[in-house]
Each structure stands twice: as C-alpha cells, then as structure tokens.
Protein chains: 2
Amino acid sequence: MTYCLGLLLNDGLVMASDSRTNAGVDHISTFSKMRVWEKPGERIIVLLSSGNLAITQAVASQLDDQIRLPGGEKRKKGSTLLTVPGMHAAAKLVGEAVRKVYDNDAGSLQQHGADFIASFILGGQVKGGPMRLFLIYAAGNFIEAGPLTPFFQIGETKYGKPILDRVIAPDTPLPEAVKCALVSMDSTMRSNLSVGLPIDVLVAKTDAHRVFHRRSIGEDDPYMMGLRKQWGDGVRRLFSQLIDPRLDE
Amino acid sequence: MTYCLGLLLNDGLVMASDSRTNAGVDHISTFSKMRVWEKPGERIIVLLSSGNLAITQAVASQLDDQIRLPGGEKRKKGSTLLTVPGMHAAAKLVGEAVRKVYDNDAGSLQQHGADFIASFILGGQVKGGPMRLFLIYAAGNFIEAGPLTPFFQIGETKYGKPILDRVIAPDTPLPEAVKCALVSMDSTMRSNLSVGLPIDVLVAKTDAHRVFHRRSIGEDDPYMMGLRKQWGDGVRRLFSQLIDPRLDE
C-alpha cells in the first residue's frame with residue numbers, strides 16, 4: 001500500500017509520500033514514490049505514484065527516457081517534462097506515458113490475474129503559468145485541484161483525510177500545511193502497517209520555480225517523533241475533556 | 001453505505017449503528033440496522049448489519065420467523081435466538097441464516113451482476129455465560145472479539161477507527177465508550193455522505209441480561225450537537241498548538 005498527498009496553496013505546493021511497498025506481507029521494501037524534474041528558476045515538476053510498482057516505475061522510466069536517451073534533446077519541443085510549456089501539457093504527457101505502459105503490459109498482467117492499478121499526483125509550476133495540481137488515473141485522464149478542493153490523496157486515503165478536511169484551505173501557510181501533511185501521514189501509518197517511514201516531503205514556493213525544502217523523514221527524526229507524541233497525547237486529552245453522555249435507563 | 005460498531009467492555013456492551021441506506025446517490029433511505037432480542041433478566045442479543053439491504057433483511061426475517069411462525073414454539077430447543085443456550089450458538093444460528101439466504105438468492109443476484117455482500121456484528125449475553133461479541137461474514141463463519149481487540153466495525157470503517165484505536169480498552173467505562181462511539185460516528189459522517197443520522201445506540205450492562213440504555217440520536221439531539229462542535233473545535237485548536245516544522249532551504 002501507499003499514501004501520498006499533494007496540497008495546492010496560495011503560498012505554494014506541498015507534496016508528501018510514504019515509501020513502503022509490499023507484494024504480500026512477506027515481501028516489504030522501501031522505495032521512494034516521489035520524483036522531481038527541476039530547472040531552477042524556470043520549472044519545478046513533482047510526481048507522486050501509487051499502485052503496482054512495476055507500472056509506476058515503467059511510467060517514470062518512460063518520462064525520464066524522453067529526456068535522457070540519445071536524441072532526447074532533439075525531440076520535438078514540448079515533448080518532455082523539461083520542455084513542456086505548462087502544467088496541463090505535463091499532465092497530458094504523464095497520462096500518455098500511463099497509456100503506453102497499459103498498451104504494453106495490461107494484457108500480460110491480465111494473464112496473471114492482475115489488474116492495471118496505478119494513480120499519480122502531479123504538481124508544479126512552469127514559468128509563465130500558475131502552480132497547478134493534478135490527479136492522474138490509470139486510464140491516463142486526470143482532474144485538477146481548485147480552491148474548493150485544494151488537495152489530492154492517492155493510496156490509503158481514508159485514515160488521514162479527516163484532519164485535511166478540517167484544516168487545509170488555500171490560505172493555509174506552508175509550515176502549517178507540512179505539519180498537517182505529517183499528522184495525516186501519522187494517522188495513516190498508525191492504522192495501516194503497509195504505509196511506512198521514511199516520508200518524503202517537498203515544498204515549492206509559488207513563482208520561485210525551484211525546490212524550496214526537501215526532506216526524508218525517518219524513524220529517528222526528532223520533529224516527527226515530537227509531533228506524533230504531542231498529537232497522540234493531545235487527542236486523548238481532548239477526548240477525555242468532552243462531557244460524557246448521561247446513560248438513562 | 002453503513003457504519004456499525006460493537007464494543008465489548010468489562011462493564012458491558014455498547015452497540016451503535018447509523019441508519020442511512022443507498023442504492024445509488026438518488027435513492028437514499030433511512031432504515032435501522034440494529035435488531036434486539038431480549039428476555040429481560042435472562043438474555044439480551046443485539047444484531048447490527050451492513051451490506052445489501054435485501055440480504056440483511058432476509059437474514060433478520062428468518063431469525064424472527066423461527067420465533068414467530070406457527071410451530072415456532074415447538075421448534076427444537078436451542079433453534080431460535082430466544083432459546084439458544086449461549087452466544088456462540090447464537091452466532092452459529094445467524095451464520096446458518098446467512099447461508100440459507102445465500103443458497104436462495106446468490107444465484108439470482110449473480111444473474112444481475114450483484115455480489116452477495118453482507119456482514120454482521122452480534123453481541124450479547126445469555127444467562128450462565130459471559131457477554132460476547134462476534135463479527136459474522138457473508139460466508140456465515142465468524143470471529144470473536146477479545147481483550148486485545150475489544151471492538152468490531154462493519155461498513156465504512158476507516159474514518160472512525162483512529163479514535164477507537166487510541167481510546168477503547170476493556171476497562172473503558174460505559175459512558176466514555178458511548179462518547180467514543182459517537183465521536184467515531186461523527187468522523188465517519190463528516191467524510192462519507194452515505195453514512196447518516198439517526199444513530200441507534202444500545203448499552204447492556206454485564207450480567208444484567210437486559211437493555212440498560214437505548215436511544216436514537218437525530219439531527220436535533222443536543223448532546224450530539226455539542227459533542228460535534230467541541231470535538232471539531234478541539235481538534236483544530238490542538239492542531240494549531242502543535243509546533244510548526246522549520247522549512248530549511
């Protein structure tokens with residue numbers, strides 16, 4: 001399982017992803033689910049992925065190959081994540097990569113009884129356009145976040161959604177948004193063993209077109225340890241302060 | 001959708017269920033998902049249900065028919081919920097009823113592309129035995145709660161699980177357990193529109209073999225309204241008191 005989330009705020013973008021993958025409980029590994037394409041001062045594009053690891057890696061490899069492979073630089077302008085003119089074109093590029101992987105692999109997966117499961121959160125900004133956030137489906141189509149829905153989640157989304165619903169709005173400051181993303185991650189990790197540390201966190205400020213803050217948060221991270229304890233103790237204390245109901249016969 | 005939960009505590013049993021059913025978003029109704037069989041002073045048995053309403057109603061009708069239909073009183077002793085010698089036998093009886101409905105309906109459901117979806121929480125006490133709590137599957141088999149897992153949930157379980165994980169233990173007092181069940185219901189209703197009021201709540205004290213407290217909590221219930229507001233405000237306040245992370249470049 002996986003838990004990734006992207007928050008689109010007035011001040012910028014917050015992206016966070018866990019790093020546990022499992023193929024059955026006896027095959028658990030650690031893989032980063034966050035990929036970044038950056039030309040500092042010109043563009044920052046971040047992709048989070050959930051689903052079948054072979055599929056999501058194939059999609060990312062294809063996006064990288066468009067840039068790296070010999071002849072990549074001569075490719076039609078706008079046909080790689082480092083050259084697309086804006087975020088909508090970037091989302092279309094990712095969607096096309098998903099469809100290519102589907103055409104290549106879905107039939108074979110079906111022969112083994114496996115579904116084609118993958119979803120992506122794509123966020124970022126290309127100079128000249130706004131910061132944007134997309135949720136891309138296995139079918140390669142996508143939806144975009146807006147002021148009324150300023151965040152997307154993929155993977156194990158339910159445990160961590162209530163705190164996002166209560167806190168996140170477009171005017172949430174970036175530090176508070178990161179804090180909220182970490183509380184949401186913590187609730188998810190407490191309830192689902194297949195979501196685990198380290199957590200990758202990335203922050204990009206609006207109109208800076210670069211990574212502002214990036215961190216991998218592991219077991220021994222003092223801020224995360226403090227946050228988990230304060231939140232857990234606080235929720236129990238808050239609960240104990242609520243008035244008990246009268247149980248009349 | 002549905003959300004039901006049962007808590008097995010040293011002091012007794014707490015059962016709670018929402019009452020919204022939907023067959024598509026344009027067909028939403030209100031049905032109680034809680035059924036009670038009681039012989040005050042001798043037995044109290046409570047059944048909560050989730051899944052296809054036609055299936056769960058058929059199961060409940062069968063259990064009632066065993067008692068009500070002519071000849072019911074002459075049935076073999078132990079073959080109705082009012083005569084079984086203990087809770088394990090009661091769980092078997094419910095499981096058998098589920099299997100009978102499966103034999104009767106699953107084939108026709110399949111012809112219409114519908115799965116046989118149903119699950120049940122059965123709790124209660126028959127004089128001479130302990131208070132017990134079971135989770136009964138669509139296959140008619142079941143598992144039992146114990147001190148390490150003192151609660152079961154069915155339906156839309158994820159949003160409301162974190163608070164149960166943090167609070168509920170066998171020694172939780174009954175009023176606090178009811179409060180926790182209502183907070184759990186509130187979190188679920190906030191995040192899933194297909195879970196809705198009124199909430200049925202039932203409390204049975206250990207060794208009393210009767211309903212101690214039973215209430216249907218609707219929109220205008222002053223305790224529930226206060227709880228929702230205190231909890232929502234408290235969570236936001238608690239969150240705002242957590243230290244923000246330092247976002248170093």
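Each chain gets a letter, A, B and so on, in the order the sequences are listed, and its residues count up from 1. What you see is a predicted model, and the numbers here were worked out from it, not measured in a lab.
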Pick one of side chain, backbone, both or neither for [X], based on which atoms fall under 4.5 Å of a heavy atom in chain B.
| X | value |
| --- | --- |
| A:Leu174 | both |
| A:Val203 | side chain |
| A:Phe239 | both |

The single option from A:Thr2, A:Thr188, A:Asn192 passing side-chain hydrogen bond (donor to acceptor under 3.5 Å, both in side chains) against A:Glu156: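 With A:Glu156 as partner, A:Thr2, A:Thr188, A:Asn192 yield a single side-chain hydrogen bond (donor to acceptor under 3.5 Å, both in side chains), made by A:Asn192.
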Indicate the atoms forming the closest heavy-atom contact of A:Leu81 with A:Ala90, along with that distance.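 Answer, listing the atom of A:Leu81 first, then A:Ala90: CD2-CB, 3.8 Å.
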Heavy-atom closest pair, residues A:Leu133 and A:Gly6: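 Where A:Leu133 meets A:Gly6 most closely, the heavy atoms are CD2-O, 3.4 Å.
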More than 12 foreign heavy atoms under 6.0 Å from CD1 of B:Ile143: is that the case here?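 Yes, the 6.0 Å shell around CD1 holds more than 12 heavy atoms from other groups.
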Partner chain A: residue of [options] with the largest heavy-atom pair count (under 4.5 Å):
| options | result |
| --- | --- |
| B:Pro162, B:Pro175, B:Pro245 | B:Pro245 |
| B:Leu182, B:Val235, B:Asp165 | B:Val235 |
| B:Arg236, B:Arg190, B:Arg237 | B:Arg190 |
| B:Arg215, B:Lys161, B:Glu176 | B:Glu176 |

Closer than 3.5 angstrom, by distance alone: can the side chain of [X] be matched with the main-chain N or O of [Y] as a donor-acceptor pair?
| X | Y | result |
| --- | --- | --- |
| B:Gln125 | B:Ile44 | no |
| A:Lys33 | A:Arg20 | yes |
| A:His213 | B:Asp248 | yes |
| A:Thr172 | A:Ala169 | yes |

side-chain contact (heavy atoms from CB on, under 4.5 Å) between B:Met34 and B:Cys4, worked out: CA-CA 9 Å; B:Met34 178 184 287; B:Cys4 302; over 6 Å; no
Under a 4.5 Å cutoff for heavy-atom pairs, which residue among A:Gln230, A:Gln241, A:Arg166 has the most contacts with chain B?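 Top count of heavy-atom pairs under 4.5 Å with chain B: A:Arg166.
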Please determine, among A:Gly226, A:Gly234, A:Ser187, A:Pro173, the option with the most heavy-atom pairs under 4.5 Å with chain B.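 Ranked by heavy-atom pairs under 4.5 Å with chain B, first place is A:Gly234.
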If the contact rule is any heavy atom under 4.5 Å from chain B, which residues of residues 7-19 of chain A qualify, in numerical order?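 The residues closer than 4.5 Å to chain B amount to none at all.
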Part of B:Asp186 within contact of chain A (heavy atom distance under 4.5 Å):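 Only the side chain of B:Asp186 comes within 4.5 Å of chain A.
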Checking heavy atoms, do the side chain of B:Val183, its backbone, both or neither come under 4.5 Å from chain A?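 The side chain, not the backbone.
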Any pair counted as ring-ring contact (aromatic ring centres under 6.0 Å, His included), so long as it reaches residues 149-168 of chain B, sequence neighbours left out: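 Every pair satisfying ring-ring contact (aromatic ring centres under 6.0 Å, His included) with a residue in residues 149-168 of chain B: there are none.
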Have B:Tyr3 and B:Ser50 got a donor and an acceptor in their side chains that come within less than 3.5 Å?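 Judged by distance alone, the side chains do not pair up.
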